[in-house]
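Report on the following structure.
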Amino acid sequence: QVQLMESGGDSAQAGGSLRLSCTASQYFENLGCLAWFRQVPGKEREAVATIIILANTRYYHNSVKGRFTLSRDKAKSTAYLQMNSLTPEDTAIYYCAAAWSARGGCSVDPDDYNYWGQGTQVTVSS
């Protein structure tokens with residue numbers, strides 16, 4: 001069993017920055033993929049960024065390319081989502097998720113993830 005603990009959600013002004021953290025309780029280096037999803041009321045959860053833990057291969061949703069950076073620190077069992085140039089459209093609950101499998105790359109389907117964090121709120125005002 002892996003527990004994911006998120007932190008870093010906050011309020012920010014448009015154009016500002018936030019950094020989210022996701023720490024795994026165990027087995028971080030054994031995980032295949034780690035992803036950040038976000039969700040707003042009435043919409044499906046969407047994958048913002050994913051990373052293959054061992055290969056360090058990353059994917060970004062088009063809406064965040066060039067603004068968000070996903071990185072991981074294996075020694076700290078932690079993945080970070082650096083969010084720059086925030087816009088009100090980035091307002092959402094952000095969830096960290098982990099999957100054992102990275103076969104074929106990291107999935108963007110929430111159903112393919114085995115573990116989830118509790119979610120952290122990001123609010124961006126104009």
Side-chain angles (χ1 to χ4, degrees):
Q1 188 76 357
V2 177
Q3 292 182 325
L4 300 176
M5 292 156 283
E6 300 145 341
S7 62
D10 205 342
S11 298
Q13 294 285 325
S17 299
L18 288 173
R19 188 176 80 158
L20 305 182
S21 299
C22 174
T23 300
S25 59
Q26 58 183 348
Y27 305 129
F28 185 80
E29 292 197 42
N30 299 109
L31 293 168
C33 292
L34 194 139
W36 284 97
F37 288 79
R38 67 186 179 189
Q39 189 168 26
V40 297
K43 291 192 175 182
E44 293 186 351
R45 199 169 291 191
E46 69 173 3
V48 173
T50 69
I51 187 168
I52 298 176
I53 297 294
L54 281 181
N56 204 24
T57 304
R58 286 162 278 188
Y59 153 88
Y60 296 99
H61 190 277
N62 282 340
S63 65
V64 306
K65 278 182 182 177
R67 301 188 299 120
F68 290 12
T69 302
L70 176 54
S71 61
R72 89 299 189 242
D73 184 334
K74 290 190 286 184
K76 295 182 178 180
S77 298
T78 299
Y80 303 97
L81 185 67
Q82 178 67 43
M83 306 186 295
N84 298 328
S85 301
L86 288 163
T87 74
E89 288 69 36
D90 295 317
T91 296
I93 299 175
Y94 284 72
Y95 297 91
C96 175
W100 290 116
S101 175
R103 190 177 305 161
C106 292
S107 173
V108 295
D109 184 343
D111 290 340
D112 291 333
Y113 285 80
N114 305 104
Y115 304 103
W116 289 85
Q118 78 283 2
T120 187
Q121 177 72 47
V122 171
T123 303
V124 183
S125 57
S126 57

Once you round to the nearest 0.5 Å, how far does CZ of F28 lie from OG1 of T78?
-> 6.5 Å
Mark yes or no for whether Q26, through its side chain, and V2, through its backbone, hold a donor-acceptor pair below 3.5 Å.
-> no
Taking side-chain hydrogen bond (donor to acceptor under 3.5 Å, both in side chains) as the test, write out the residues that go with S17, two or more places apart.
-> N84
State whether the side chain of E6 and the backbone N or O of L20 hold a donor-acceptor pair below 3.5 Å, judged by distance alone.
-> no
When you look at I53 and L34, which way does the side chain to side chain contact (heavy atoms under 4.5 Å, CB included) test go after all the steps?
-> CA-CA 7 Å; I53 297 294; L34 194 139; 3.9 Å; yes
Do Y113 side-chain atoms and S107 backbone N/O form a donor-acceptor pair below 3.5 Å?
-> yes
State, yes or no, whether a side-chain contact exists between L4 and C22 at a heavy-atom distance under 4.5 Å.
-> yes
Quick one: are F68 and L86 in side-chain contact, heavy atoms under 4.5 Å?
-> yes
State, to 0.1 Å, how close A14 and S126 come at their nearest heavy-atom pair, and which atoms those are.
-> CB-CA, 4.1 Å
Could you list the residues that satisfy side-chain hydrogen bond (donor to acceptor under 3.5 Å, both in side chains) with S21, not counting sequence neighbours?
-> none
Cluster link Y59 to L54, ILVMFWY, side chain under 4.5 Å | no
Would you find more than 12 non-hydrogen atoms of other residues, nucleotides or ligands less than 6.0 Å from K76 atom NZ?
-> no
Return yes if some donor-acceptor pair links the side-chain N/O of R45 with the main-chain N/O of P110 below 3.5 Å, else return no.
-> no
Is a side-chain donor or acceptor of Y60 paired with a backbone partner of L70 at a separation under 3.5 angstrom?
-> yes
Can Q121 and T91 be said to form a side chain to side chain contact (heavy atoms under 4.5 Å, CB included), step by step?
-> CA-CA 8 Å; Q121 177 72 47; T91 296; 4.1 Å; yes
Close side-chain approach of R58 to T69, heavy-atom, < 4.5 Å | yes
Which donor-acceptor pairs under 3.5 Å do side chains of residues 93-105 form with protein atoms, sequence neighbours excluded?
{"residue": "Y94", "atom": "OH", "partner": "R38", "partner atom": "NH1", "Å": "3.0"}
{"residue": "Y94", "atom": "OH", "partner": "D90", "partner atom": "O", "Å": "2.6"}
{"residue": "W100", "atom": "NE1", "partner": "Y115", "partner atom": "OH", "Å": "3.3"}
{"residue": "S101", "atom": "OG", "partner": "R103", "partner atom": "N", "Å": "3.2"}

Out of curiosity, does M83 fall in the hydrophobic cluster containing F37 (side-chain heavy atoms, cut-off under 4.5 Å, transitive links)?
-> no
Rounded to the nearest 0.5 angstrom, the CE-OG1 distance for M5 and T120 is 13.5 Å
Mind listing the closest non-hydrogen atom pair of G9 and V122 along with its distance?
-> CA-CG2, 4.2 Å
Please check if atom CD in Q3 has more than 12 non-hydrogen atoms from other residues, nucleotides or ligands closer than 6.0 Å.
-> no
May I ask you to check whether T23 and S77 show a side-chain donor-acceptor distance below 3.5 Å?
-> no
